[in-house]
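A short worksheet on the structure shown next.
All chains are named by letter (A, B, ...) in the order of the sequence lines, taking the proteins before the strands, and each is independently numbered beginning at 1. On a predicted model such as this, the values are computed, not experimentally measured, just so you know.
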Amino acid sequence: MSAFVASDAATVREAVREGEPLVPVGGGTHSATVPGPDGPVRALDVSGLTGVVDYDPAELTITVRPGTPLAEIDALLAANGQHLPFDPPRLGEGATVGGAVAAGVTGPSGFAAGIRDFVVGVRFIDGTGRLAMSGGRVVKNAAGFDLPKLMVGSLGRLGVITELSLKVFPRPEATATVRFPTVGLPAGLAAVAALARAPIPVTALDLAPTGTVTARLSGVDGPKSADIERFSAHQHGGIGGRAERLAGLVEPGGAALEDEARHWDEGRRFAWVGEDARLVVVPLAPRQVVALDADLERHGARRRYGLAANVAWVAWPDAAPLADLSELLAGQAMSGVVLTGSSLVGRSPSDPALDGPLIGAATGGAFGRRIAGALDPAGVFAGGAR
Amino acid sequence: MLHALDGVGERVLTSGAELAAFGSDALTAFYERPLAVVVVESGEEVAEVVGLCHREGVPFVARGSGTSLSGGSLPVGGGIVIALNRMNRVLSVDPDARTAVVEPGVINLNVSAAAAPHGLAYAPDPSSQSVCTIGGNLAFNSGGAHCLKHGMTANHILGLRVVLPDGETVELGGDSTEHVGPDWTAIFTGCEGLFGIAVEATLRLVPVPESVRTTLTVFDSLERAGDAVAAIVGAGLIPVAMEIMDALAMEAAEASVKPGYPVGEALLIVELEGEEAVVEEELGAVEGLLRECGCGEMRTTADPDERALIWKGRKSAFSAVGWLAPDYIVQDGVVPRTRLGEALREIDRLSAERGIRVANVFHAGDGNLHPLILYDGREEGAVERAEELAADILALCVELGGSITGEHGVGVEKREYMRLMFSADDLALMEDLRAAVDPGRLANRGKMLTPPAEMGATSATGSAS
């Protein structure tokens, strides 16, 4: 079915009020969440809803339309010494901010700055065609239900976002990365636990199935304070010295990783997933890693564990049935979201394991069904996900 | 209804004397007499009592320590109060995952105490943290002085077990910092009890910082203190807290807890925490900026006792203004941080115009104002005049692009002001969400949203105590 192209909130409303199943699509880089051309669900193209509505760097917030490319926001923020600390994945050139929030995935360098903590305001059109606002442009707000956070990970199933307000942070002047030796998965997990509790805050903490740990920290190059005397009794706060200290916090110690910016740039593009596999994001707790890893190994799926073992990034091979992964996750009470590969929108409801990009255990239960039912009583967005 | 509660036996309170303590919370202008208070001991008991309320059509309100400043735990007249204080255990701490699983009646500060042996802490720190409970914190998405760096309560709740208003128990979220699908945990957090009762929560813990430095300084005007805050943020620094008190609030603090603050028109507290070398580096930058902004006497300390005294003065500010006037209204408005100066000037003008004293205490780093409106309830019309000023201040906050509440919640106190912020459609959508989860509108009826007339809930003004 041909896409409905939205030019503003009014045309979004028009499309929703037609009542046919649809899913909002931005840059289309989360290909598994985009309706296929021949499927029963229509794409609502919101890539034209672009532009920065409001940005005052001193506020540390930015308000944008959903189709605004992340690259454009990055450039604007960088010019003002700021950035999006949740490091949203960039799975393609056209990745948009609306897509980042709808997918709800924190990138590799977003440890301790999860995307859910940075969405403070939203305007959206719900399934009845109603334009609603929740939250605002201030960073602290307890008025009314927190719909901005609800939208994080919603995959367009609860409404079409027409405007977003995000918290932003100062951009660190310098970054450094330390790689620790390969020690096997259990010892790697122990190292991750130790580093996550360490006095040196890290922005990324990755673990490979081999047990190799890669940690990133950010800060300043060297002392900038005019009050240099102060540092005579202290190690100064420059990034080099801090990276050295981090490298020595666990045994065996690590070493600085060269060309670290490129390493993390590739990380947020998930280039390692390759063309013959789908990227599946699976939240978990560190204690669940070992059992899941053995299952994934058996199925020939490459994987990495990020954000201090709070998430598994899985490259599920196209050759293996996705239903197997869904079943495997459900068996361990885990859920996942499939971001890439062929469309998973509007598949046959007779194959419930594959009726959307969300796989594994269902989330929200009766509570989720009631909230979703209130926002989308006729199921206009139901094609997007369960 | 009461007969059906027999199973809970002696933990059902029904006598006038027993109920009296539950008729109000920290917003003492409101009082309602419940039918009964049920002191529950488990999630199953909560589900049982809520299920019973659902079948009988009796409204219920969950209550922890009753410290809500917005009347959030005010009973519904003739309804049931479900007291959660006995569900006060920290069930587990996972140091490797940096999480804790707790019951809702656990006191905020006790979570950090349980986490401390692992070098971890629970970050959200409402001023009432030594008595308030996690259940209330999460129901109202509480804040605290350290939100600037750590965010509000919602950022620290990873998973919940909740009893829905029909008695069904569901699990939301999990024990990861990440989630897939809509963030059900986040929308439940801050629902002010309208979506049900959380009976277990998985909390995110943070490492105890290696170094904490608290700097205290004074300025000759509030505006200059505000400029200093803007300069610090503008330099790319995110302190863990930045607090301002005006002269009246300082006077009140000195009169009550005697923190020994320096003398000035405005007091600024800046706290930095983290890695020692970085904190020292940032402290140098902060002190330099404060001097450039024309600060007076400045003290910086790492000493836990001195820090505790500085914070005691700040955190007791609300109760301390009791030394200045017999009664006061605490407000909780938010403005964009760049408009703080404008907001304070306007509050000052309104205060002078009405001849009503206003003490200002605020979380300057995130634009969260706590104007304390002082009055004497014994004077004819004084309450009404104070409430009028409070309403004008909230309208001002919304006009400047802010919010009617940053961390206390709407409760029964501010629901009339929701329409200042939200359109009829926005409010209708919230009511639809509420009705979908709780068609009988039994869960904490009368809070946040104005109930439909036929529900016969608490009147807008309540009954004075």
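- Heavy atoms of B:A435 lying under 4.5 Å from chain A are absent altogether.
- The contact between B:M421 and chain A is made by backbone and side chain atoms together, counting heavy-atom distances below 4.5 Å.
- At a threshold of 4.0 Å, the pair A:E59-B:R339 does not count as salt-bridged, since none of the basic side-chain nitrogens sits closer than that to a carboxylate oxygen.
- Contact of A:A198 with chain B is made through the backbone alone, with heavy-atom distances under 4.5 Å.
- Ion pair B:D183/A:R116 flagged as a salt bridge, since at least one NZ, NE, NH1 or NH2 atom sits closer than 4.0 Å to an Asp/Glu carboxylate oxygen.
- Salt-bridge check for B:E168 with A:R369: failed, with every basic side-chain N at 4.0 Å or more from each acidic carboxylate O.
- If you measure heavy-atom distances from A:M151 to chain B, you find no contacts under 4.5 Å at all.
- Residue contact with chain A, scored on non-hydrogen atoms closer than 4.5 Å, involves the backbone and the side chain of B:L433 alike.
- In this structure, chain A has no heavy atom under 4.5 Å from any part of B:H150.
- Electrostatic pairing of B:D366 and A:K167 does not count as a salt bridge here, judged by no charged N lying under 4.0 Å from a carboxylate O.
- Using a 4.5 Å cut-off between heavy atoms, A:F86 does not touch chain B at all.
- Looking at A:V152, both its backbone and its side chain come within 4.5 Å of chain B, counting heavy atoms on both sides.
- Relative orientation of the A:F145 and B:F195 rings is parallel, given thresholds of 30° and 60° on the angle between their planes.
- Proximity to chain A is absent for every atom of B:Y417, based on heavy atoms less than 4.5 angstrom apart.
- For chain A, the nearby part of B:L120 is the side chain; its heavy atoms alone come within less than 4.5 Å.
- For B:C147, the part lying under 4.5 angstrom from a heavy atom of chain A is the side chain only.
- Contact annotation for B:R337: both backbone and side-chain heavy atoms come within less than 4.5 Å of a heavy atom of chain A.
- Looking at A:R171, there are no atoms closer than 4.5 Å to chain B (heavy atoms on both sides), in backbone or side chain.
- For A:L284, the part sitting under 4.5 Å from any heavy atom of chain B is the backbone (N, CA, C, O) and nothing else.
- A salt bridge between A:R370 and B:D438 is absent, with no side-chain N of the basic residue lying under 4.0 Å from a carboxylate O of the acidic one.
- Both the backbone and the side chain of A:D117 have a heavy atom closer than 4.5 Å to some heavy atom of chain B.
- Looking at B:A428, both its backbone and its side chain come within 4.5 Å of chain A, counting heavy atoms on both sides.
- When heavy atoms are compared at a cutoff of 4.5 Å, B:V233 approaches chain A solely by way of its side chain, counted from C-beta outward.
- Residues passing the side chain to side chain donor-acceptor pair (under 3.5 Å) test with B:T202, sequence neighbours excluded: none.
- When heavy atoms are compared at a cutoff of 4.5 Å, B:A230 does not approach chain A at all.
- Proximity to chain B is limited to the backbone of A:L131, based on heavy atoms less than 4.5 angstrom apart.
- Residue contact with chain A, scored on non-hydrogen atoms closer than 4.5 Å, involves the side chain of B:L194 exclusively.
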